[in-house]
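None of these values were measured; they are calculated from a predicted model. Below, chain A is the first sequence line, B the second, and so on; all start at residue 1.
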Number of protein chains: 2
Amino acid sequence: MKGYLWTGGEPGSQKTVAPPENGRLAPWESISVEAVGNVIEFWGFKRNQGRVWALLYLRGEPLTAGEIERELELSKGGVSMLLRDLERWGAVQRVRVPQDTVWRYSAETDLVRMVTHVVEEREAAFVTRIRADLAEARRLAVGVGGLPAERLRRLERMATLAEHVERALRLFIRTSRLDVAGVLGAFRDGALSR
Amino acid sequence: MKGYLWTGGEPGSQKTVAPPENGRLAPWESISVEAVGNVIEFWGFKRNQGRVWALLYLRGEPLTAGEIERELELSKGGVSMLLRDLERWGAVQRVRVPQDTVWRYSAETDLVRMVTHVVEEREAAFVTRIRADLAEARRLAVGVGGLPAERLRRLERMATLAEHVERALRLFIRTSRLDVAGVLGAFRDGALSR
DNA sequence: CATATAGTTCAAGACCGCGTGAACTGCACC
DNA sequence: GGTGCAGTTCACGCGGTCTTGAACTATATG
């Protein structure tokens, strides 16, 4: 991730990088590609992964690595690695056009599947780990005993929150329906876990 | 953000950092503090902002900057800056205990308000910017004319997606109810914007 | 087999955010 | 005014990630 830690900065000075004068891209393409790059970076991936995917998506037809390299002004090696990542995540497919010797790459168009996939691979695993840590902490805290009730309650609140989030995420993976309201509802100020 | 770009790595080798032997923290505190630190970092903030907030939250009573400094093994300057950020975001309050000369800091306990606040300040502003960019791109694309219908459709699909996300977020800010299902539902493979 | 082009890998370096620590400000108390 | 402590600011260095570019492998073609 790069530059969106608004520690200061005027309101409205939101980062997102302006489209750099890249090669032959039409302005509208350039803007879109950069926009997606920004989103993807915000999500914790590499900006260029987003740019590559966006280009493929907008072009509709499969491009070769060389074309991507030129359009987005990336290095040969870089493109190779970016494509491999995208491929592994199912965001891009590698296709061989009959009669042709080079690989071409086309974007996965099912956005829902992509998002679900990412959430499954990354967020869910992460949240599970956090939930487990907090459960362990709770176990230990109860074990030592003699803690002020209030402190224990707070720890438990955090642990419960993590549990709810995990459950919501797993449900989302299965149904594509995410309901955060249920998770947070129980945690309005003062409300206790239930 | 730091280390969660699983470009490789075995499944299960999830990062999240193990509690380092920090000062006098009880093990359960240490685990919890680090867990929150990881979450916060994952969210695109600084790990230490999360650690500080977690410590204050778990202790229940306001701590001085010096105490935080010792407990979390941070530098004086660092703590000062971290607290300022947290304060600006309403995640921490600065309180003056009667009869005492030093500032103390206590954690905001309303998690819902905190999340809402962050989403409002950061995500919403960001998404708005993206949505605007894509709208502009669409305008330009239509302007040039003569584009293959398929390409235009794809651009429009992205733009519409951004619009929906923005609307959902703004609704969330007002109601604390987030329904992503609606946003994504319209974008299952093949489905067209409507 | 020689040559050329596509594709991969990886070490080196550019780049950038973060925390440190020292200098500085402000304030209380004697 | 002077001493000491709380708090702020900021230049710098460390540690991390991302990209480059060159060496390498693979594959097709004459």
Side-chain angles (χ1 to χ4, degrees), chain A residues 1-9 15 17 20 22 37-38 40-52 62-88 92-105, chain B residues 1-9 15-17 20 22-23 37-38 40-52 62-88 92-105:
Chain A
M1 262 198 184
K2 241 15 118 20
Y4 27 86
L5 204 32
W6 346 113
T7 226
K15 278 280 184 56
V17 182
N22 36 16
N38 288 326
I40 257 39
E41 186 177 30
F42 194 72
W43 261 66
F45 298 92
K46 301 187 203 169
R47 130 180 274 97
N48 281 332
Q49 285 163 353
R51 299 211 307 145
V52 169
L63 301 187
T64 68
E67 285 163 341
I68 297 171
E69 199 183 319
R70 253 170 288 122
E71 299 286 28
L72 302 183
E73 305 191 327
L74 296 170
S75 69
K76 200 160 118 91
V79 170
S80 171
M81 286 172 16
L82 292 171
L83 283 173
R84 213 143 57 75
D85 294 339
L86 291 170
E87 211 185 338
R88 259 192 334 105
V92 148
Q93 271 129 7
R94 179 188 295 233
V95 302
R96 184 79 88 173
V97 177
Q99 251 64 316
D100 202 344
T101 167
V102 303
W103 285 109
R104 290 172 183 273
Y105 303 85
Chain B
M1 263 200 183
K2 246 8 120 22
Y4 28 84
L5 205 32
W6 346 113
T7 227
K15 281 277 184 62
T16 63
V17 181
N22 34 16
N38 288 327
I40 257 38
E41 185 177 29
F42 195 73
W43 260 66
F45 298 93
K46 301 188 203 170
R47 131 180 272 94
N48 281 331
Q49 285 163 353
R51 299 210 307 145
V52 168
L63 300 187
T64 67
E67 285 162 342
I68 297 171
E69 200 182 318
R70 255 171 285 121
E71 299 286 26
L72 300 183
E73 305 191 326
L74 294 170
S75 68
K76 201 159 117 89
V79 170
S80 171
M81 285 173 12
L82 293 170
L83 283 172
R84 212 144 56 76
D85 295 339
L86 291 170
E87 212 186 336
R88 259 193 334 106
V92 149
Q93 272 128 7
R94 179 188 294 235
V95 302
R96 185 80 86 173
V97 177
Q99 251 63 317
D100 200 347
T101 168
V102 303
W103 285 109
R104 292 174 181 272
Y105 302 86

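- Rounded to an integer number of Å, the gap from CZ of R94(A) to P of dG7(C) is 8 Å.
- Here the closest heavy-atom approach between residue Q49(B) and residue L86(B) is recorded as O-CD1, 3.7 Å.
- Within the structure, a side-chain polar atom (N or O) of R84(B) is placed less than 4.0 Å from OP1 or OP2 of dT9(D).
- Here dC27(C) presents its P atom at 17 Å from CG of D100(B), a figure rounded to the nearest Å.
- Listed for the E67(A) side chain is a donor-acceptor partner under 3.5 Å among the backbone atoms of T64(A).
- Between the CG atom of L82(A) and the P atom of dT8(C) there is a distance of 12 Å, rounded to whole Å.
- Picking from dT20(D), dT9(D), dG19(C) the nucleotide with the shortest atom distance to the side chain of L74(A) gives dT20(D).
- You'll find that the side chain of W103(A) is closest to dG7(C), out of dG7(C), dA6(D), dT9(C).
- Scanning for salt bridge (charged side-chain N to carboxylate O under 4.0 Å, His left out) contacts around R94(B) gives E87(B), with sequence neighbours left out.
- Residue E69(A) contributes atom CD, which lies 12 Å from atom P of dT8(C) at whole-angstrom precision.
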Per-nucleotide protein contact string for nucleotides 21-30 of chain D (B base, S sugar-phosphate only, - none; heavy atom under 4.0 Å): B------S--
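- Across the protein-nucleic acid pair, E41(B) atom CD and dG17(C) atom C1' stand 11 Å apart, rounded to whole Å.
- The nearest whole Å value for the distance from the CG atom in L63(A) to the C1' atom in dA6(C) is 16 Å.
- Atom CG of L74(A) sits about 6.5 Å away from atom CG of L82(A), to the nearest 0.5 Å.
- Across the protein-nucleic acid pair, K46(B) atom NZ and dG19(C) atom C1' stand 8 Å apart, rounded to whole Å.
- At least one donor-acceptor pair closer than 3.5 Å links the side chain of R51(B) to the backbone N or O of L72(B).
- As a whole-Å value, the separation of E73(A) CD from dT19(D) C1' is 14 Å.
- For L83(B) against A65(B), the heavy-atom pair with the smallest separation is CD1-CB, 4.2 Å.
- A close approach under 4.0 Å does not occur between any side-chain nitrogen or oxygen of N48(A) and OP1 or OP2 of dC18(D).
- Contact detail for S75(B) and E69(B): the closest heavy-atom pair is C-CG, 4.0 Å.
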